[in-house]
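Here the structure is a predicted model, which means the values were calculated and not measured.
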Amino acid sequence: MLYAEFMSSSLPLQIGTTADEPCLRADAARNRARLLEAAARLVAERGAAAVTMEAVAAEACVGKGTVFRRFGDRVGLLTALLDHTASRLQADLISGPPPLGPGAPPVERLRAFGLEVLRRSSEQLELFLAAQDEPARRVGHPSQRVLTLHATILLREIDPGADHELQAHALLGYLDPAVIHFLTKERGMPLERLEEGWLDLVERISTPVA
């Protein structure tokens with residue numbers, strides 16, 4: 001299967017909505033955007049810890065039940081805030097300029113992919129950690145599945161005989177926001193060290209065994 005065709009198969013994941021959510025009516029879409037704008041203001045002003053369903057309802061001047069009906073719970077709300085960034089990254093992977101987008105050798109694309117995820121995750125680290133408190137929900141979320149699919153495709157191009165899916169999950173573990181937080185905040189490692197480590201990891205995994 002061609003790369004573009006394989007990546008296009010990820011589009012039904014519909015980052016920004018859950019898999020079973022119907023297409024939003026125009027008014028419902030506006031209400032959803034209004035709630036997300038209110039949540040984003042709270043994150044910017046007080047941090048992700050201050051974002052509760054009640055606080056968002058008050059900020060948006062709606063009933064608390066409206067927020068629960070739209071997002072289900074606090075994790076669903078915070079995850080929705082991340083979806084805009086995730087959809088932009090997906091667009092860059094599918095049709096952006098190389099090496100992040102198509103047109104570069106797979107090893108170069110894998111290097112660029114990890115560096116970009118590290119950068120974006122570090123910029124929204126608090127929000128990532130608050131939204132991803134359940135490992136099963138994190139791994140199975142559409143945005144994470146797209147990243148895993150992308151890594152799988154590149155690994156398949158690099159070494160067709162490898163177990164690409166397992167390798168992809170192992171690589172994505174390096175890019176886990178919880179790992180990034182521990183290494184940068186608790187261990188005091190600069191982001192540059194993580195970037196260098198990613199490049200070294202890609203080099204090792206893409207070098208044939210003698």
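Put simply, CG on Leu77 and CG on Leu82 are 10.0 Å apart, with the number rounded to the nearest 0.5 Å. Here CG of Leu154 is found 11.5 Å from CD of Gln167. Values are rounded to the nearest 0.5 Å. Atom CD in Glu165 sits 9.5 Å away from atom CZ in Arg156 (nearest 0.5 Å).
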field: Criterion side-chain contact (heavy atoms from CB on, under 4.5 Å) on Leu171 and Phe113, from CA distance to verdict
entry: CA-CA 11 Å; Leu171 286 176; Phe113 165 69; over 6 Å; no
- prompt: Please walk me through it: do Glu123 and Arg120 pass salt bridge (Lys or Arg N to Asp or Glu O under 4.0 Å)?
  reply: CA-CA 5 Å; Glu123 291 176 352; Arg120 296 190 189 209; over 6 Å; no
message: Walk me through whether Arg70 and Asn31 qualify under side-chain contact (heavy atoms from CB on, under 4.5 Å).
response: CA-CA 9 Å; Arg70 173 50 54 201; Asn31 289 336; over 6 Å; no
message: side-chain contact (heavy atoms from CB on, under 4.5 Å) for Arg109 and Leu100? Distances and angles first, verdict last.
response: CA-CA 5 Å; Arg109 297 199 65 198; Leu100 191 60; over 6 Å; no
- prompt: Checking side-chain contact (heavy atoms from CB on, under 4.5 Å) for the pair Leu149/Ile153: CA distance, chi angles, key distance, verdict?
  reply: CA-CA 6 Å; Leu149 173 63; Ile153 294 167; 4.0 Å; yes
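In plain terms, the two heavy atoms of Ala168 and Leu155 that are nearest each other are N-CD1, 3.5 Å. Counting all heavy atoms, side chain and backbone alike, Gly114 lies closest to Leu175 at O-CD2, 3.8 Å. Pairing each heavy atom of Ser206 with each of Ile158, the nearest pair is CB-CG2, 3.7 Å. Annotation for Arg46 and Ala50: closest pair CB-CB, 3.5 Å, computed over non-hydrogen atoms. For the pair Pro177 and Leu125, the tightest heavy-atom approach, listed with the atom from each and the gap, is O-CD1, 3.4 Å. Smallest separation of non-hydrogen atoms from Glu59 and Ala38: CG-CB, 3.6 Å.
The shortest side-chain heavy-atom distance between Leu147 and Leu89 falls under the 4.5 Å cut-off. With a 4.5 Å cut-off on side-chain heavy atoms, His181 and Phe128 do not count as touching. Using a 4.5 Å heavy-atom threshold, the side chains of Glu108 and Pro98 count as separate. Contact of the Thr66 side chain with the Arg69 side chain is registered, since non-hydrogen atoms from C-beta on lie closer than 4.5 Å. Contact of the Val56 side chain with the Leu36 side chain is not registered, since no non-hydrogen atoms from C-beta on lie closer than 4.5 Å. With contacts defined as side-chain heavy-atom distances shorter than 4.5 Å, the pair Thr148/Thr152 qualifies.
A salt bridge links Arg111 with Glu203: the distance from a Lys NZ or Arg NE/NH1/NH2 to an Asp or Glu carboxylate oxygen falls below 4.0 Å. Look at Arg88 and Asp92 and you find no salt bridge, because none of the NZ, NE, NH1 or NH2 atoms lies under 4.0 Å from a carboxylate O.
Using modelled atom types, one side-chain atom of Glu126 and one backbone atom of Ala48 make a donor-acceptor pair closer than 3.5 Å. Under the 3.5 Å distance criterion, the side-chain polar atoms of His164 are matched with a main-chain donor or acceptor of Asp159.
For residues 182-208, the ring pair (Phe, Tyr, Trp, His ring centres under 6.0 Å) pairs, not counting sequence neighbours, are Tyr174-Trp198.
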